[in-house]
Structure formats: C-alpha cells, structure tokens
Amino acid sequence: MYRASINTPIGTAILEGTEQGLSRFTLSEEEATHTNIPPCLEEPIRQITEYFNGQRTTFSLQLVPKGTPFQRSVWTALEKIPYGSTVSYAELSKKLGDIKAIRAVAAANGKNPLWIIIPCHRVIGSDGSLTGYAGGLWRKKWLLSHEQGFSQTTLF
C-alpha cells in the first residue's frame, strides 16, 4: 500500500492505493508529509488538484474501496450524483430500492473511504440541511459551495 499527501484549500488530502487503484482518500488537519509521490498515486493527485482548481467535475480513476456489498452499492449510487447537485438520504434510499433503509444508507455513506471522489458530501437532509460529514460540516459546506461556484446557472 502506498501513501501520499498534498495540501488542499480544506486541509491535507491523504491518498492510499496500489497499482490496482485508489483505496482511500481522506482529509486531515495535519500538514502534508509525503513528498515523494509513488507513481500509482500521481494520477489521483493530478485529478484531485484539478478538482480543487475548478478544472474537473468528474473523476476517472480506478477505485478499489474496501466495504460490504451493501456499502459498495451505496457508494456506486453516490458516484451518480452529478457535480453541483445534492440528494437527500431519503432520495438515495429510494433510488437503491428501499425507502426504509435511510439509516443503513446513511451509515454506508459515513463509511465511504474515498471522500470527494465518491461524493458523499452531496447527500443532505430531506429538509435541505447539511447533516453529517466525517470531515466536518464546514468542509461539506465548502465543497458544495465550491461545486456551485463552477456549475452553470440559468439566465432567467
């Protein structure tokens, strides 16, 4: 397993992966300490840098997150939430076929090991509130604002 870290506007991004793909992406308050970037993490770092620079709205990376089949199904659904958009936990549960699974969906969302890349920050409360984010609500707010700033707006 290789590891690298880079500074971003919302903290230090910590990436972990192998030649098979990226398995973990989180944010931390610690300063970036891994200055030698392993070749397998160069592309993920390039793409995440482009995201923070407003030059990328989707990621095209090989992902290998570890999780249960249910968690992976939730993470796959998260990847389908368009850039600049949000869905509620209830909407996500309904898309997965079980409106009653809101708590299970929320728990799987919270276990997402690939923050931002699998956009768990795009899931909000049914009332539009910013609920739960492992990186802190201030980061969730920043990410949603960042994505709104680069999305197309209507003319009328």
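By convention here, the first residue in the shown sequence is residue 1.
Looking only at distances, a side-chain donor or acceptor of K140 sits under 3.5 Å from a matching main-chain atom of V123. Using a distance-only test at 3.5 Å, with no hydrogens or angles considered, a donor-acceptor pair links the side chain of Q47 to the main chain of S60. When atom types are taken as modelled, the side chain of T8 and the backbone of A13 share no donor-acceptor pair closer than 3.5 angstrom. Between the side chain of R72 and the main chain of G67, a donor-acceptor pair closer than 3.5 Å is present. Remark: the backbone N or O of Q20 is paired with a side-chain donor or acceptor of T18 at under 3.5 angstrom. At distances below 3.5 Å, at least one donor-acceptor pair connects side-chain atoms of S23 with backbone N or O atoms of E16. Of the possible polar contacts, one joining the S73 side chain to the F70 backbone as a donor-acceptor pair under 3.5 Å is found.
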task: Carefully, step by step, assess V87 and K95 under the rule side chain to side chain contact (heavy atoms under 4.5 Å, CB included).
output: CA-CA 10 Å; V87 300; K95 287 180 185 181; 3.9 Å; yes
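Note that CG of L143 is 4.5 Å distant from CD1 of I116, once rounded to the nearest 0.5 Å. For the atom pair CD1 (I45) and SG (C40), the distance works out to 9.5 Å, reported to the nearest 0.5 Å. For the atom pair I102 CD1 and K94 NZ, the distance stands at 11.0 Å (nearest 0.5 Å). In this structure, CG in L41 is found 10.5 Å from CD1 in I6, a value given to the nearest 0.5 Å. Atom CG in L61 sits 6.5 Å away from atom CG in L22 (nearest 0.5 Å). For the atom pair NZ (K66) and CZ (R24), the distance works out to 10.0 Å, reported to the nearest 0.5 Å.
Among all heavy-atom pairs drawn from S126 and A90, the shortest one is OG-CB, 3.8 Å. The two residues C120 and N109 come nearest to each other via the heavy atoms CB-OD1, 3.0 Å.
Using a 4.5 Å heavy-atom cutoff, the side chains of W142 and P9 are in contact. Counting only heavy atoms from C-beta outward, the side chains of E147 and R122 approach each other to under 4.5 Å. Y83 places none of its side-chain heavy atoms less than 4.5 Å from the side chain of R56. Residues E79 and L63 form a side-chain contact, since some pair of their non-hydrogen atoms from C-beta on lies under 4.5 Å apart. Between L78 and L92 there is a side-chain heavy-atom pair separated by less than 4.5 Å.
Salt-bridge check for E29 with R139: passed, with a basic side-chain N closer than 4.0 Å to an acidic carboxylate O. Looking at E43 and R46, a side-chain N of the basic residue comes within less than 4.0 Å of a carboxylate O on the acidic one, giving a salt bridge.
Taking the side chain to side chain donor-acceptor pair (under 3.5 Å) definition, one finds that T26 meets it with nothing, sequence neighbours left out.
Residues I99 and Y89 do not share a hydrophobic cluster, clusters being chains of Ile/Leu/Val/Met/Phe/Trp/Tyr side chains in contact below 4.5 Å. In the hydrophobic clustering of this structure, L137 groups with L144; members are Ile, Leu, Val, Met, Phe, Trp, Tyr whose side-chain heavy atoms approach within less than 4.5 Å, directly or through other members.
Relative orientation of the F52 and H146 rings is tilted, given thresholds of 30° and 60° on the angle between their planes. Taking the six-membered ring where the residue is Trp, Y51 and H121 present perpendicular rings, their angle passing 60° and hence far from 30°.
Evaluated for a ring-ring contact (aromatic ring centres under 6.0 Å, His included) with W115, the options F59, W75, Y133 yield exactly one hit, Y133.
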